[in-house]
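Here the structure comes first, spelled out in structure tokens, and everything after it is commentary.
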Amino acid sequence: MSDRRGLSRLVTPLAVSMVCAVVSLILFAGIAEEVMKGETLRFDTAVRNFVHAHSSVWLTAILRFATIIGSSLIVFLVTTSGCVALWVTGRRRRALLLAITMIGGSLLMWVLKLGFHRQRPEPFFDTQLPASYSFPSGHAMLSFCLCAAGAALLSADQKRRWVRVAIWSAALVLVAAIGYSRIYLGVHYPSDVIAGYLGALVWVLGVGVAYRKSR
């Protein structure tokens with residue numbers, strides 16, 4: 001009886017993760033196809049204009065800071081520090097999981113950017129455009145991977161539900177702020193950010209499924 005309960009506890013999360021991964025992949029493919037056809041331009045322009053119309057000095061300062069947090073340098077430093085801390089404290093399996101998640105996410109991001117070759121939009125607030133392509137958003141994708149992996153690892157040892165909820169809520173707010181900052185500053189189309197989230201979700205869920213099965 002206990003074996004069946006243990007099996008059900010493993011199979012149910014795996015099944016849910018796989019279904020979510022497949023749905024996310026389908027949605028990503030749909031957005032990518034629309035982007036290639038230019039069908040997202042009306043949506044992207046409408047959202048960009050709406051966001052820019054509701055800008056302010058204080059909001060610009062906050063979102064400039066948010067976009068710095070999501071930069072490649074900060075993500076690399078946080079990831080490296082996390083991997084070292086986990087490895088030193090004897091949690092080597094988790095250190096490898098975090099490293100695989102971020103390295104794989106980075107490689108996937110660059111493959112997609114080079115594959116779609118989407119040029120960036122006209123930036124707002126004299127923001128300097130990055131040299132890389134626009135689709136998908138690297139800030140959105142890598143921050144999602146890091147925050148999801150970090151929240152999963154931090155909440156795994158927490159017995160209190162409210163603590164786990166607080167960890168995941170903070171992670172989601174941070175990811176949303178970073179993605180919104182890219183639209184707000186005008187360096188990405190909204191469809192770039194959405195695709196970045198979906199691509200990261202597919203990858204993170206895939207890594208999670210592999211990790212659960214290996215255990």
Side-chain angles (χ1 to χ4, degrees), residues 9-10 12-25 27-28 65-113 132 136-182 188 192-215:
R9 289 179 182 178
L10 174 63
T12 301
L14 284 175
V16 172
S17 297
M18 292 180 68
V19 170
C20 291
V22 170
V23 172
S24 300
L25 182 60
L27 291 175
F28 178 89
F65 179 70
T67 208
I68 291 174
I69 294 177
S71 64
S72 299
L73 176 60
I74 299 300
V75 168
F76 172 78
L77 292 175
V78 173
T79 300
T80 303
S81 300
C83 289
V84 171
L86 289 170
W87 190 272
V88 170
T89 55
R91 301 178 180 182
R92 298 184 177 182
R93 194 179 184 89
R94 295 189 179 188
L96 290 174
L97 178 65
L98 178 59
I100 291 172
T101 300
M102 297 310 300
I103 293 174
S106 300
L107 292 175
L108 178 60
M109 176 197 71
W110 283 111
V111 168
L112 291 173
K113 281 182 176 290
S132 60
S137 167
H139 275 64
M141 194 166 182
L142 293 184
S143 66
F144 190 105
C145 288
L146 179 58
C147 289
L153 294 175
L154 287 174
S155 62
D157 298 329
Q158 302 298 327
K159 296 182 179 180
R160 297 181 181 181
R161 178 176 295 179
W162 72 268
V163 176
R164 297 196 298 270
V165 171
I167 291 173
W168 278 104
S169 298
L172 290 174
V173 169
L174 180 58
V175 169
I178 292 173
Y180 186 77
S181 73
R182 306 307 283 168
H188 273 296
D192 297 334
V193 174
I194 296 173
Y197 288 152
L198 290 173
L201 183 58
V202 173
W203 174 247
V204 168
L205 288 174
V207 173
V209 169
Y211 179 71
R212 285 179 177 272
K213 291 183 68 176
S214 68
R215 295 180 61 187

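Expressed to the nearest 0.5 Å, how far CG of L198 lies from CE of M141 amounts to 10.0 Å. Taking CD1 of I74 as the start and CD1 of I68 as the end, the distance is 8.0 Å to the nearest 0.5 Å. Atom CG of L172 and atom SG of C147 lie 8.5 Å apart (nearest 0.5 Å). Note that the NE2 atom of H188 and the OG atom of S181 stand 9.0 Å from one another [nearest 0.5 Å]. From C145, atom SG reaches atom CD1 of I103 across 12.0 Å, with rounding to the nearest 0.5 Å. Rounded to the nearest 0.5 angstrom, I194 CD1 and L27 CG are separated by 10.0 Å.
Counting heavy atoms from C-beta outward, L154 and R164 have side chains that stay 4.5 Å or more apart. Looking at heavy atoms from C-beta onward, L96 lies in side-chain contact with W87 at the 4.5 angstrom threshold. In this structure the side chain of R92 never reaches within 4.5 angstrom of the side chain of L86, judged on heavy atoms. Y197 has its side chain out of reach of S24: every pair of non-hydrogen atoms, C-beta onward, lies at least 4.5 Å apart. Put simply, the side chain of L201 does not reach to within 4.5 Å of the side chain of L25, judged on heavy atoms. Inter-residue side-chain proximity for V78 and S81 is flagged as unmet; no heavy-atom pair is nearer than 4.5 Å. Side-chain contact between L174 and I69 is present, with heavy atoms from C-beta onward closer than 4.5 Å. Looking at heavy atoms from C-beta onward, S106 lies in side-chain contact with L142 at the 4.5 angstrom threshold.
The main-chain N or O of I178 is never found under 3.5 Å from a side-chain atom of H139 such that the two would form a donor-acceptor pair. Of the possible donor and acceptor atoms, none in the side chain of S169 sits under 3.5 Å from a partner among the backbone N and O of A166.
Minimum heavy-atom separation, A152 to S155: O-OG, 3.4 Å. Of all heavy-atom pairs between L97 and V207, the closest is CD1-CG1, 3.4 Å. Counting all heavy atoms, side chain and backbone alike, K113 lies closest to S132 at NZ-OG, 4.0 Å. The two residues A140 and V193 have their closest heavy-atom pair at CB-O, 3.8 Å. When all heavy atoms of S137 and R182 are compared, the closest pair comes out as OG-CG, 4.2 Å. When all heavy atoms of G199 and L108 are compared, the pair lying nearest together is O-CD2, 4.1 Å.
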Practice task
Test side-chain contact (heavy atoms from CB on, under 4.5 Å) on T79 and C83 and set out the steps.
Solution key: CA-CA 6 Å; T79 300; C83 289; 4.2 Å; yes

Practice task
Test side-chain contact (heavy atoms from CB on, under 4.5 Å) on W162 and I167 and set out the steps.
Solution key: CA-CA 9 Å; W162 72 268; I167 291 173; over 6 Å; no

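There is no side-chain donor-acceptor pair under 3.5 Å between T101 and W203.
Taking a cutoff of 4.0 Å between a charged side-chain nitrogen and a carboxylate oxygen, R94 and D157 qualify as a salt bridge.
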